[in-house]
Each structure stands twice: as structure tokens, then as C-alpha cells.
Amino acid sequence: MASSSSPKEIIKEFPFFRVYNDGCLEFFRPPSVKIPPFDDPISGVRSKDVVISSQPTVSARIFIPKVTNPDKQKFPLLLYMHGGGFCPLSAFTKPYHDFCNTISSQANAIVVSVEYGLFPDRPIPACYEDSWAALKWVASHVSGNGPEPWLNHHADLGRVFIGGDSAGGNIAHTLAFRVGSIGLPGVNLVGVTMVHPFFGGTEAMRCGCTCAQIMMGRRILG
């Protein structure tokens, strides 16, 4: 007997995944390959991973340039959010590790690269809330008694920058707007860098959902 169910069809394709008429998603990229932090013998930049929150899980990779005066040296701080369309990639991949390592070395700055929640396991707005948690974690070091010694001793929270590329640029914009709206005591946000930021999701598709609705985990079919 022939099945009465409808054939599986693609109803929409995005840069990183496609959506089928039964609500299933197919991702084009394999899971991100992550590398551990390490001390760069060429640039002198050191890096480590830290846990910002366990529920939900939020972590970050910190990069600090070569310290020549352990007692007095302070560096500006960049909070960075990686790109990837809110679904693939990671702050712990080699391209982002190398990128943040280079920024730390050439800008002589501490970089906190955020590992935020990704779709579909943790749909939007998890990425915004995780990154906000990371920024508040940075701010917890303002009196020099936060959980991370590198920030306590060497972060100048009077010179804080927020940045990101693609989806990370979108998140950076949202964080800056939030700081401007409600403030963040002890932190002086000097600037925001958005590299080809991704903004979109207002045009409805055949299924009646926008890109933003899908990324927020709403039903594909009515």
C-alpha cells in the first residue's frame, strides 16, 4: 500500500542549512573542529578558557598580550563574538583563535572571545543573553576582585570595546544598545566594531515564517 504522507520537500535554503516541509533541518557544515588554548611563542600572547556560567553553559577564550610590567600594566579589553549565522562555528576554532590572537598582539589588548549558545540546541535569544552574561562577567572585575586574575590585574575597564563579525556583529550591536539603554556600572564602553554584521529576517517565506522565527525555534508548519 502506498504511503499517504507527503513527500519530503525543501521549502527554504539558508547559507548554513535547509528547511524541509516536515520541519527537519539539514546543516551543510560538519561540526566545528575546536583547538585548545596555548601560549604563542612568536607573539607572546597567552590564552586560556574560562567558564562564565554553568546554567546555561557559557564560556570564553581569553587572550592577553605579553606583559612586561606585572605590577602596573593595564590593557584595553575587547569582548568579541564570532560569526556563523547564529548556528555553526565556535570561538574555539583555529580561525577565530588565530584572529583573536592577532588582535591581542597587534592592538596590545585583552580579548575575551565568547562561546555563546547556537541554534538549534539553544535558539535565539540565547546568543544575546549569553553574550550579555559575558559582558557582565567582565564588569565583575571592576574592583579587582573578580574570578579571573588576568582581568583583575591587567584589564582597563575604562577602555572596553565590543566587536563581532556577521552574526557576532549583530550581537555586538545589541549589546551596545543594551549598555546605552540600561548602563553597566564600572565599565566605560569606548566603541563598537561590527564586521559585515548580519541583519535580516523580516521577509516571510512560503511556510509563513521569517528567518528570525525559525532561528528562535518556532514551528515550521502551522
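Just so it is clear, the values below take in all heavy atoms, side chains as well, and ignore hydrogens, waters and symmetry mates.
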Report task. Find out whether Lys8 and Asp22 are in side-chain contact, i.e. whether some heavy atom of one side chain is under 4.5 Å from a heavy atom of the other. Result -> yes

Query - Within-4.5 Å side-chain heavy-atom neighbours: Val114 and Ser131 - result: yes

Query raised in the report: Where the side chain of Ser53 meets the backbone of Pro56, is there a donor-acceptor pair that is under 3.5 Å apart?
Result: yes

Report task. Please check if Trp132 and Ile171 belong to a single hydrophobic cluster, counting links between Ile, Leu, Val, Met, Phe, Trp and Tyr side chain heavy atoms closer than 4.5 Å. Result -> yes

Report task. Could you tell me the separation between the OG atom of Ser47 and the CG atom of Asp39, rounded to the nearest 0.5 Å? Result -> 6.5 Å

Report task. Walk me through it: do Gln73 and Thr68 pass the test side chain to side chain contact (heavy atoms under 4.5 Å, CB included)? Result -> CA-CA 7 Å; Gln73 198 164 9; Thr68 56; 3.1 Å; yes

Report summary line: CD1 of Ile103 to CG of Asp98, rounded to nearest 0.5 Å, is 11.5 Å

Query - Salt bridge present between Arg178 and Glu129 (N-O < 4.0 angstrom) - result: yes

Query raised in the report: Are Val45 and Trp150 co-members of a hydrophobic cluster defined by side-chain heavy atoms under 4.5 Å apart?
Result: no

Query - Check: His141 side chain, Glu148 main-chain N or O, donor-acceptor pair, under 3.5 Å - result: yes

Report task. I would like to know whether Tyr96 and Asp165 meet side-chain hydrogen bond (donor to acceptor under 3.5 Å, both in side chains); could you show each step before the answer? Result -> CA-CA 11 Å; Tyr96 279 108; Asp165 63 284; 2.7 Å; yes

Query - Non-hydrogen atoms of Phe63 and Ser113 that approach each other most closely - result: CE1-CB, 4.2 Å

Query raised in the report: Do His154 and Pro149 come close enough that some side-chain heavy atom pair is under 4.5 Å?
Result: no

Report task. Identify the two heavy atoms, one from Ser166 and one from Gly83, that lie closest to each other, and give their separation to 0.1 Å. Result -> CB-CA, 4.1 Å

Query raised in the report: Is atom CZ of Phe38 surrounded by more than 12 heavy atoms (other residues, nucleotides or ligands) closer than 6.0 Å?
Result: yes

Query - Verdict with supporting geometry, Ile11 and Tyr20, side chain to side chain contact (heavy atoms under 4.5 Å, CB included) - result: CA-CA 5 Å; Ile11 61 172; Tyr20 289 91; over 6 Å; no

Query raised in the report: Quick check: does any side chain N or O of Thr93 sit under 3.5 Å from a backbone N or O of Leu89, one acting as donor and the other as acceptor?
Result: no

Query raised in the report: Would Val192 and Met194 count as a side chain to side chain contact (heavy atoms under 4.5 Å, CB included) if you check the C-alpha gap in whole Å, the side-chain angles of each, and the deciding distance to 0.1 Å?
Result: CA-CA 7 Å; Val192 182; Met194 297 180 288; 4.0 Å; yes

Query raised in the report: For the residue pair Ser32 and Pro88, what are the closest heavy atoms and their distance?
Result: OG-C, 4.3 Å

Query - Met81-Val112 co-clustered via ILVMFWY side chain contacts under 4.5 Å - result: yes

Query raised in the report: Got Arg159 and Asn188 here, is their nearest side-chain heavy-atom distance under 4.5 Å?
Result: no

Requested in this report: Supply the atom-to-atom distance Ile62 CD1 to Ile110 CD1, rounded to the nearest 0.5 angstrom.
Outcome: 8.0 Å

Query raised in the report: So, does Ser104 use its side chain to make a donor-acceptor pair with the main chain of Cys100 at under 3.5 Å?
Result: no

Query raised in the report: Quick one: does Leu79's side chain get under 4.5 Å of Val160's, heavy atoms only?
Result: no

**Report entry** Separation of Leu189 CG from Leu184 CG (nearest 0.5 Å)
**Finding:** 9.0 Å

**Report entry** Shortest non-hydrogen contact from Ala172 toward Thr193
**Finding:** CB-O, 4.5 Å

Query raised in the report: Okay, side chain of Ser43, backbone of Ser105: is any donor-acceptor separation there less than 3.5 Å?
Result: no

Query raised in the report: Is there a side-chain contact between Phe92 and Asp49 (heavy atoms, below 4.5 Å)?
Result: yes

Query raised in the report: Has the side chain of Ser143 got a donor or acceptor atom that lies under 3.5 Å from a matching backbone atom of Asn145?
Result: no

**Report entry** Ile182 atom CD1, neighbour heavy-atom count above 12 within 6.0 Å
**Finding:** yes

Query raised in the report: Got a second to check how far Arg122's CZ is from Phe86's CZ, nearest 0.5 Å?
Result: 14.0 Å

Query - Cluster overlap Leu135 with Val111, hydrophobic side-chain contacts below 4.5 Å - result: no

Report task. Quick one: closest heavy-atom pair of Ala167 and Gly85, and the distance? Result -> CB-N, 3.7 Å

Query raised in the report: Thr174 side chain to Asn170 main-chain N or O, any donor-acceptor pair under 3.5 Å?
Result: yes

Query raised in the report: Are any of the side-chain nitrogens in Asp40 or Arg46 under 4.0 Å away from the carboxylate oxygens of its partner?
Result: no

Query raised in the report: Any link between Trp137 and Leu78 through a network of hydrophobic side chains (Ile, Leu, Val, Met, Phe, Trp, Tyr) touching at under 4.5 Å?
Result: no

Query - Distance flag, aromatic centroids of Tyr80 and Phe99, threshold under 6.0 Å - result: yes

Query - Distance-minimising heavy-atom pair for Ala134 and Ile52 - result: CB-CD1, 3.7 Å

Query raised in the report: Any side-chain heavy atom of Glu115 sitting closer than 4.5 Å to one from Ser90?
Result: yes

Report task. Carefully, step by step, assess Ile124 and Phe119 under the rule side chain to side chain contact (heavy atoms under 4.5 Å, CB included). Result -> CA-CA 7 Å; Ile124 291 172; Phe119 173 85; over 6 Å; no

Query raised in the report: Is a side-chain N or O of Asn152 found less than 3.5 angstrom from the main chain of Gly146, in a donor-acceptor match?
Result: yes

Query raised in the report: Can any side-chain N or O of His97 pair as donor or acceptor with the backbone N or O of Pro37 at less than 3.5 Å?
Result: no

Query raised in the report: With a 4.5 Å limit on heavy-atom distance, are the side chains of Arg61 and Lys48 in contact?
Result: no

Query raised in the report: More than 12 heavy atoms of other residues, nucleotides or ligands under 6.0 Å from NZ of Lys74: is that the case?
Result: yes

**Report entry** Separation of Ile64 CD1 from Phe75 CZ (nearest 0.5 Å)
**Finding:** 5.5 Å

